[in-house]
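This report concerns only the one structure given below.
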Amino acid sequence: MKDRFKGVIEPFSNGIVKNNPTFRLVLGTCPTLAITTAALNGLTMGLATTFVLICSNFLISLLRNVIPDKVRIPAYVMIIAAFVTVVDMVMAKFLPDLHKTLGLYIPLIVVNCIIMARAEAFSNQNAPLPSVMDGLGTGIGFTLALTVMGIIREFLGAGSFFGIEIPYLSNYAMTIFIMPAGAFFVYGFLIVLFNAAVDAIQKKIDAKSAGQKHHVLHAESAEPEAANNEGGAE
Amino acid sequence: MDILLPVVILTSLATVFAVVIVFVNKKLAVQDDPKVEEILSLLPSANCGVCGKAGCADLARSLVEGKAKIEDCPSCSAQSKAKIAKILGGDIAKFEDTLVICACCGGNACDDKYEYQGYGDCASIELIAGGRKACSNGCIGQGKCNRLCPYDAIQIIDGVAYIDNTEDSKCRQCGICITNCPKKIMKRIPAKAEIYIACSSCYKGKDVRSMCKKGCIACGLCAKICPQSAITMKGNLPIIDYDKCNACGDCLAKCPTKVIRWLKHD
Amino acid sequence: MNYALFLIISGIFINNFILSQFLGICPFLGVSKKIETALGMGIAVIFVMGIASVVTYGLNLLLVIAGIEYLRTMVFILVIAALIQILEVVLKKFMPSLYSALGVYLPLITTNCAVLGVAIMNITSLAQQSVLYAFLNGVASGAGFTIAILLLAGIREKIETSDIPKPFQGFPITLITAAIMAMSFAAFASLMF
Amino acid sequence: MVKKPADKKPTDFKKRQKAFFKSESFKAVAVLAIIALVTSLILSVVYRFTAIDEAEAMRKKINDVYNAGTITPIDVSGYDNKADSVILNAFMAEDGACVVVSKSKKAYNAAQGITLFVIIKDGRIAKVANYSSSETPGLGSKALEGAYLEQYVGMRASRLASGDDVTSPSIPPLDIKYISGATKSSTGVRIAVEAAAAFYVKEVAQ
């Protein structure tokens, strides 16, 4: 029972941290850079993508033995496009202004590399339930990344937080962060922070698990060039 | 009517395109040589490009066309090399497996001629008066090999490169470090070697002692006491003949500066 | 005539597909390690964008007549995916030399935001709607894509030999380079409105 | 399956037909066709529930912006638009004001363009409001808010309608202060307003 449970939860937790689509796998970069001029946009785009990701992962893993390999790509693309159009229509009806701000980028969820990558890499080989969990995990990882990007860019670029103007800050806002150049900057530095953090944690885990296994030759020398990770109790 | 029209249009479009794809795949299929797929599955597909081809698919195709030799791909394991040779129909030529070692152990123990403050890596330091180390064939320690190694198998310890060849070694002998080291101290030695010489100095003992505390002082003791006389002194440096060496370890015990070291364990 | 010229200039400089519209960033980051691969990718993108623009423009007329505009995304992406798959086989059969240069990039382009992006933009934002202008816009945006990816490939080859702190290696340094490129391209925005 | 005695030797055609249905390519086409059928069925059904009728939404928006009472649409199909803008439609309000819905194709977010309501009463701009445009939030969006749009209120439509190419220096300088950092959005709004004014002067005023 334990490993079956792990088999389901594992892809979920993977999706968020270990292979977080935006920071680790660097997938789905088009909406990440374009939409995150405001935190609310990032959040909605993330949730819309998560919905499409879950449904398409589920359906593709259901049909994985039925779809012949020759027409694999058109079939997947059609399934994904169907869900995206549903999201597009529902959003146009119930969230019109948000639909206007996301505009062109909603149909572009279809070609968002994450969905196709998860479909090809994961859900066409695994059972529906792990695929859905993987879709959920990756989706939430993507949404978190987008929202964080949105918050930073909105805070620095427009001096507001989720649309609420911060009185004093907004007349010192650096509009560079709203422009494309700022997007690339923020995205690059966030990847650095994320990688450094995950590597540091990984190093600590290795150090703990490695324990005494260190060879005599290496033991006394610390890694000279990993400058930025804090020493940590060895 | 609103439902019928889109359904008809989309289904007919999908069918038309499906038919065209299937027709095109069937009629115009260019028979790829099945051997290419087979070989591609055996190659490590790391696409490291060391073989000079644009990735493993390209290498597989040129292997079948005879434009490349399997030795070009150093990180391919011995069994798959044998299998590929069988697919290509050639006899299983004796694939001499090799291991890569760093023939220097000086690093911080070797004095610096000048203190390098600037940009770049070993290659740029080498440009200034043959590197910052007093010993001109010693490792500069700026880590160019460490950064270029696709398998992260090289560590810079105490200012000198070290390749771990013990059982959980990550080194795939791809040879990127050999081509990129400006001092040319990364060397290939036969896989059956048990010991190796961690020095490539060409100076007499007196000069070595003044420059580097760990270097080989060319005393020649190892050559004298080796029971299999596998070691010969050539230009102030011992050379091991790995066919004769039976890894008895006498030379290693005798060596005053511990330059001769175990390869596969500590 | 000047509208065609405007399209070309805006496709390459003003609304550059990568640096100001953010479309097609995945291959922009992924394929730009070496100049030859970047060039191969660029030409393949121009090739596909040109054909896709014309085909999708025609299809859109069909959709408008049938009044089912909401199926536009579905039809476009189906057509693009099928088109690329057919193109791959046809190229392999009739033009093996071109296939060996571009072949490996074609499947990559299917999930490329730029192709679908230009297909939709041809419908929504072209001032004068005609097949020629759609084709021109496709090719110009493809050229913009190629120029941006070539510039980045050239810089990245230089970066290979320089000493970058460990966490910055790989994507982060590429993104920061792209940021500086985006800043310089932003200057073109005021070139001609 | 038990072989019925009466079963004749399957004719060559039936065997070939059975083979055809089993064959790989038929399965491929069938799967794609079925997926297309199912998806288009779902989408058309969903569309019926979520279809927004454009005109209705626009009329509602107009009433929010300017209480024009019952509005009678004006036929705009005959009007030849300028190169970079298009008049989507126009209405005559009860109190004689004319509500013009004009879209400028030039904007920062070129895919969306900028669509505005321009309300012109006896020759002067009474109000300008954003109908549907998505400029970059925090930057371009400032050009769609009150302060920038207020500048146009009170201007005579005939003066606004004169300029053809907005960016050419020959245009008499209007004291419109652009939003810094959002030149494209500000110019886009100006094009839309001037297009509406030109329409008003040509079609409605005489």
I86(C) meets the side chain to side chain contact (heavy atoms under 4.5 Å, CB included) criterion, sequence neighbours left out, with F17(B), V20(B), I21(B), V24(B), V90(C)
Closest heavy-atom pair, I73(A) versus A81(C), reported as atoms and distance to 0.1 Å, is CG2-CB, 4.3 Å
CZ of F22(C) to OG1 of T32(A), rounded to nearest 0.5 Å, is 10.0 Å
Okay, Y76(A) and chain C: the region with an atom under 4.5 Å from a heavy atom over there is neither
Applying side chain to side chain contact (heavy atoms under 4.5 Å, CB included) to L78(C) and not counting sequence neighbours gives P74(A), M78(A), A14(B)
Under a 4.5 Å heavy-atom criterion, the part of residues 113-120 of chain C in contact with chain A comprises C113(C), L116(C), G117(C), I120(C)
**Q.** Steps toward ring-ring contact (aromatic ring centres under 6.0 Å, His included) verdict (F23(A), F171(C))
**A.** CA-CA 9 Å; F23(A) 294 127; F171(C) 282 111; over 10 Å; no
CG of N195(A) to CZ of F168(C), rounded to nearest 0.5 Å, is 10.5 Å
If you count every heavy atom of other residues, nucleotides or ligands that lies below 6.0 Å from E160(C) atom CD, does the total exceed 12?
no
Contacts of I176(A) meeting side chain to side chain contact (heavy atoms under 4.5 Å, CB included) (sequence neighbours excluded), chain-then-number -> M174(A), A181(A), M183(C)
Are I176(C) and F185(A) close enough that some pair of their side-chain heavy atoms sits under 4.5 Å apart?
yes
In this structure, CZ of F28(C) is separated from SG of C30(A) (nearest 0.5 Å) by 11.0 Å
Whatever's closer than 4.5 Å to a heavy atom in chain C on T29(A) counts as both
Looking only at P172(C), A179(C), G24(C), S184(C), most heavy-atom pairs under 4.5 Å shared with chain A are made by A179(C)
When rounded to the nearest 0.5 Å, the distance separating CD1 of I77(C) from OG1 of T85(A) is 10.5 Å
Looking only at L33(A), V77(A), I191(A), the option with the highest number of non-hydrogen pairs under 4.5 Å against chain C is L33(A)
Ranked by heavy-atom pairs below 4.5 Å to chain C, first place among F189(A), Y105(A), Y187(A), F184(A) goes to F184(A)
